[in-house]
Structure formats: C-alpha cells, structure tokens
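Because the structure is a prediction, the values reported are computed rather than measured. Atoms considered below: every heavy atom in the structure, side chains included; atoms not considered: hydrogens, waters and symmetry mates.
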Amino acid sequence: MSKTALYQKYRSTTFEEVVGQEVTVRTIKNAIRQNKVGHAYLFCGPRGTGKTTMARLLAKAVNCENPEEAPCGHCANCIAASEGTHPDIIEINAANETHVEDIRDLIERARLAPMVGKHKVYIIDEVHQLSSAASSALLKTLEEPPENVIFILATTDPQKLLPTIISRCQQYSFYRIRTEDIQKHLLDIAEKENIRMEEAAAQKIAILANGGMRDALSIMDQCASFGDSEIIEEDVNRIYGLTSLQEQIDFLHDVFDNNLEGMLNRVRAYDEKGIDMPQMTDQLVDILKDTIIYSYTKNTKILRVLNGEQAGDLSSMSTPGILMKMMDILMEGKGKLKNARDGASGFEVMSLEMIVAKDEKPEPVKQKQSMHAEVVVKPVIEEKKQEETIAADMIEHTDALTDDDLLGMMQICNKQEKAADMEKYKQLSMMMSLETAKYKTMLNDAEIAASGKDIIVFAVRQSPEAARINSQKENKNLYQFLKEQLDIDKMPYAVTKDTFQRVTAEFVRRRKEGSLPAPYHVERYEQEVTHEETPQEKIIALFGAENVKII
C-alpha cells in the first residue's frame, strides 16, 4: 500500500491548525459564529498557501451539528466531510471541467435542497480556467443564488476572472507563508514522524518552498526518503542542486576581493556538481538584499538568510549602491540563464559583470564655462555619504506613514479599482526596455494590496523596499512611470506585507466599533511646466552670455 504524502496527512483539520493566514481565519470564524456566512467566497493567492484547505474547513463548519465548536470533527457531517463522502459538499476542478455544460449541470443540481446538511457547498478550484460561456453561466447563478447554497471559488490568477464575478464574492487574499512559520511547522511534523531534521535543513526547505506549505511538505517527504528518516542540510543541497550559505558567502568574498581565478574555479566546480545556476542566482540576491537591509537598519531580526556577523562582514566590504548594482545584474541575468545552452558560462559572465560594476568609478561632473575658460571639475561626493543621505530620506518618509494613514487609505480603496489596476500591472512583466528595468527591480516582490480612485498601495516583503518606494525622489519617479507606462494615474505608497495584514485586522475591528480615522487625503504631485528654449537661449547656454551679442 502506498504511503500517504505528508501534505495530505497533515492537511489542517481545524481553523487553529491553518498556518500563516491569521486574518482570513479570524474573519471566517467570526462569520460562522455570528451566523453571517455569505453565499459566495473567492479565495485567491499563490499555490500551496491553504486556499482549498480553508474552503473545505468552511464547508465542513457550515454543516457541523455543533455550531459552537464548528467544525467539531466528531459529528456525522464532519466525519463525512473529512472522508470526502458528504453528499452536500461537491468539489470541482475547473481545469478539467471547463465547459459550459459542466456549469449548467452544476446549476441544475444546485437548485435541489441539501440532502444531509444545512447547506449545499460547491468548491470550484482553479476557477479562472473556466471558459467564457461557463463563466457567464456561473455569473448568472451568483446573481440569483439558490437558497442554502454556498459557492467557494479558489484561484491562483484572479485577474482572469470576470470583474462582475469578483464583485459578487467576498474576496480573501492568501499570502505566501513566512519562512519562519514554515520552518517551525516542518520541525513540528518531523518530531511527530520521528524524523531527525536539522534546523538549517528546515530553513533551506522553507526558502525553497517560496511561501507554499504544500511545496515545503513535498520537499520534506522527498528528503526524508533520501536520508532514511534523517534530513540534513547537505542532503537537501545534493537533491536540489544547491550550495550551502557559507559557500555562497565565500563566492561573494572572491568577487569583492577581485579573486578572478578562485571565482572561476568555483563556478566550474558548481557545473561539475550539477548546481542549479538560476537557484544559485536567487540565493545570492537574497544574501545581497539582507546585506543592504543590515547596512541601513543594523536590525538582525528582519534578515531572511544571514545572521548579524555574516551581514556585518559583507556590508563592510562594499556600499549599498554597489550591492544594488550587483543585485540588478543577477536579476537581469537570471532570465538569460534559463535560455542559455551553457548555464555555467552564463553565470561566469554575470560574475565578471559584478566585478566590473564593483570597480566602476563615478564620472566627474564638469561645470559649465565659457569657451575661453578653463575646465573646472567639481569634487565628487563619496558614494558612502550619498547612500547615507538617501537612507535618511527613506526612513523619514517611511515613519510618516502611520497606522492611521493606512486605515484612512483603506477607506478610499475598493475591490473594483484593485482588480482594474492588477490587470494593468501585469503589463510590467512584459516590459523589457532599459528604461523600465529600474522599476521592475523596485517592484520585483511588490503586490497590489489595495487601490482606490487616487491611490495604489503596494505590499512588499521588507521595510527597506517600502522605504525606497515611499522616498520622495523615487516615489515621484514611480508615480510618473505608473502614469505614463501602465496608465495608472494614482499616488503610489508601499508597506510591508506583515504591516498590511496587521492593519487590515485593525481596520475590521475599528470599523465595527465605528472608531476609524478620517479618510486619507491624497495630494498628487504638481505637474511640471516644461519651458522650451528659444534659439537665443540655446546659443547663450552654449557659448556663455559674455561671448554673445544678439542683434
């Protein structure tokens, strides 16, 4: 008999067991307790974050015979739901049943009264894959839902849904689960399964999962089979073609020290071991990102992969500006690696580009002089001081965005504006010009958290990323970019995903209490009036006023 996969065995059976979706869990539990369950829900977010699990828990809870502890897990309805035999809980995979006939059949069956439970619940997974005709048929049912029927739609791509379907559902966003939460959950499961697991191995698996608990448990399953119920970091690296954190740091040391021979030998050794070069690129980006964050904050609690000693060592070897250039090289080069015939050769080129970028000196700035004057060179401000000034500017603008500001912003945002902006925002991934590269880097991990008529709020992973977007200089340029390139004429702001989740919960509580602050007042940037130079002004600028006589 085949072994049950860990992600199936440890699928959450109660709301308390759901990991990393606290806001959604709390809201749905309160709705069930207060008997305020809606007729249609839309769960959207990345794969493996708990959408289907939450849908099954909701379906089980609304049919539970013990409302005070729903889902209780021991009544007849809960047992049937857990075993997948409940006649009133129907799961449909829209990837397989995409045709309008499938949805029409569903609609006809939905008109019948529940057979056993209080509600008939339809869970439609990957709903964005429904055909146009099927989506229209589903929309008609959502407009006039049958009594005692609940629809739960789940999707990884809500942008493909009809806006009219979205507007008729209660929408819940499922976020990538924090690495720390995944790591802790893996260690708990390892203890229950009598698997010896190193903390470093759990952390490596959590990073590989990229916020998806199902992916993390599948990786853990494979590693446990390889190591005969023992999981160590070295085995995870061997299975997935990875290098250790210390090896990655040593590689960066070679780059900073201009040790070209040592660096090339490392890359060739990676090639012989079958190291995954795109994955290695991602890991180096994470290290450089942690180093920049530490340079500005000296806060080790918000670092993702490095400890304080490692981050301090790397930050002492370069400036944040150079580290950012190196990150840009890695992120742009990763796409080329996937299409390259020889990944190792492509990675060598990227490594050489990082050394060149590290050693490039800024161009001296020349003062404008008359034709007869000697050229005078302005002294160049040290890059380190420039970075400190930028950092101070970022911190100043980030501190100005208070919880009350965010609560005020949420009041002027709505789902329709968000859905429209997300559709436009998808165009960013298809832009390939040099002019857009900076903004693609800036918004690399950013998701649209909320949007209104005059405002768009991005959710990012770390506070320095939010600080960069909110800084006065970058914010104004980003506003112009969004307006001109994506047709999003709105003031951009950014917060961390953790902050947005926390303030969202605060928003729900204070709205019930009637204690929300005033709606946020949005002030756009003033449009600059461009002045076209006359021919006389161009001549004076070129030769100097003292050398020109206009007749």
Side-chain angles (χ1 to χ4, degrees), residues 5-11 19-21 45-51 53 156 174-191 193 195-252 270-271 273-291 302-307 310 327 330-331 333-335 337-338 343 347 444-445 447 461-462 497:
L6 289 178
Y7 76 84
Q8 294 175 313
K9 185 176 181 179
Y10 288 96
R11 186 186 289 273
V19 179
Q21 310 297 342
R47 71 177 191 275
T49 51
K51 300 184 295 300
T53 296
T156 55
F174 285 68
Y175 297 100
R176 296 188 189 279
I177 303 170
R178 291 184 292 270
T179 301
E180 301 77 21
D181 292 341
I182 295 178
Q183 180 181 353
K184 182 176 181 298
H185 193 58
L186 294 179
L187 291 170
D188 289 342
I189 290 175
E191 186 176 348
E193 292 288 313
I195 297 173
R196 296 181 298 278
M197 174 182 268
E198 291 181 350
E199 284 197 21
Q203 183 186 40
K204 182 64 69 75
I205 292 173
I207 293 172
L208 276 172
N210 193 27
M213 185 64 76
R214 184 173 64 235
D215 288 355
L217 291 173
S218 296
I219 295 170
M220 178 180 173
D221 228 345
Q222 183 178 356
C223 293
S225 298
F226 178 85
D228 192 19
S229 296
E230 181 180 25
I231 304 175
I232 60 176
E233 184 183 13
E234 184 180 349
D235 288 345
V236 178
N237 291 338
R238 288 179 65 188
I239 295 169
Y240 288 94
L242 305 176
T243 54
S244 68
L245 177 61
Q246 188 56 53
E247 173 61 33
Q248 296 152 21
I249 292 173
D250 291 343
F251 173 83
L252 288 174
Y270 300 155
D271 188 34
K273 294 179 182 177
I275 297 298
D276 186 333
M277 294 302 182
Q279 188 71 46
M280 174 77 169
T281 304
D282 284 339
Q283 292 168 329
L284 292 174
V285 168
D286 286 338
I287 291 174
L288 293 174
K289 190 190 299 183
D290 268 8
T291 306
I302 59 176
L303 302 184
R304 191 178 179 200
V305 293
L306 299 179
N307 59 37
Q310 293 165 335
M327 278 179 58
L330 289 169
M331 293 171 72
K334 182 186 173 184
L337 281 180
K338 293 180 179 178
F347 193 83
N444 180 52
D445 291 325
E447 300 174 358
R461 287 185 180 179
Q462 304 287 356
K497 293 178 181 178

To the nearest 0.5 Å, what is the distance between [atom1] ([X]) and [atom2] ([Y])?
{"X": "E193", "Y": "D188", "atom1": "CD", "atom2": "CG", "value": "12.0 Å"}
{"X": "D286", "Y": "T291", "atom1": "CG", "atom2": "OG1", "value": "10.5 Å"}
{"X": "R214", "Y": "I219", "atom1": "CZ", "atom2": "CD1", "value": "12.0 Å"}
{"X": "H185", "Y": "Y10", "atom1": "NE2", "atom2": "OH", "value": "9.0 Å"}
{"X": "S225", "Y": "M220", "atom1": "OG", "atom2": "CE", "value": "10.5 Å"}
{"X": "D221", "Y": "L6", "atom1": "CG", "atom2": "CG", "value": "3.5 Å"}

Where do [X] and [Y] come nearest, in terms of heavy atoms and distance?
{"X": "A216", "Y": "I182", "answer": "CB-CG2, 3.6 Å"}
{"X": "Y7", "Y": "L217", "answer": "CA-CD1, 3.6 Å"}
{"X": "L330", "Y": "L284", "answer": "CD1-CB, 3.8 Å"}
{"X": "I195", "Y": "A224", "answer": "CD1-CB, 4.0 Å"}
{"X": "A202", "Y": "L186", "answer": "O-CD1, 3.8 Å"}
{"X": "Q21", "Y": "T49", "answer": "NE2-O, 3.3 Å"}

Problem set entry | Residue pair N237 / E247, side-chain heavy-atom distance below 4.5 Å |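 With C-beta onward as the side chain, the pair stays apart.
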Counting N and O atoms only, with roles assigned by atom type, does the side chain of [X] sit under 3.5 Å from a partner on the main chain of [Y], one being a donor and the other an acceptor?
{"X": "R178", "Y": "G20", "value": "no"}
{"X": "Q248", "Y": "T243", "value": "yes"}
{"X": "E198", "Y": "E233", "value": "yes"}
{"X": "D276", "Y": "G241", "value": "no"}
{"X": "K51", "Y": "F174", "value": "no"}
{"X": "Q310", "Y": "N307", "value": "yes"}

Problem set entry | Trace of the side chain to side chain donor-acceptor pair (under 3.5 Å) decision for T53 with R11 | CA-CA 7 Å; T53 296; R11 186 186 289 273; 2.8 Å; yes
Exercise. So L208 and L242, side-chain contact (heavy atoms from CB on, under 4.5 Å) or not? Walk me through it.
Worked result: CA-CA 10 Å; L208 276 172; L242 305 176; 3.6 Å; yes
For this session: Check the pair I287, L245 against side-chain contact (heavy atoms from CB on, under 4.5 Å), reporting the backbone distance first and the verdict last.
Result: CA-CA 9 Å; I287 291 174; L245 177 61; 3.7 Å; yes
For this session: Can you sort out the partners of D290 under side chain to side chain contact (heavy atoms under 4.5 Å, CB included), two or more places apart, ordered by chain and number?
Result: I293, L303, R304, V305, L306
Problem set entry | Passing option when Y240 is tested against Q222, Q279, K204 for side chain to side chain donor-acceptor pair (under 3.5 Å) |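 For Y240, the side chain to side chain donor-acceptor pair (under 3.5 Å) test succeeds with only one of Q222, Q279, K204, which is Q222.
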For this session: Measure up the F251 and Y270 rings against each other and bin them: parallel (under 30°), tilted (30 to 60°), perpendicular (over 60°).
Result: tilted
For this session: Test side-chain contact (heavy atoms from CB on, under 4.5 Å) on D282 and I207 and set out the steps.
Result: CA-CA 10 Å; D282 284 339; I207 293 172; over 6 Å; no
For this session: Could you please spell out the steps behind the side-chain contact (heavy atoms from CB on, under 4.5 Å) verdict for V236 and I231?
Result: CA-CA 7 Å; V236 178; I231 304 175; 4.0 Å; yes
Problem set entry | CD/E180: more than 12 non-hydrogen atoms of other groups inside 6.0 Å | yes
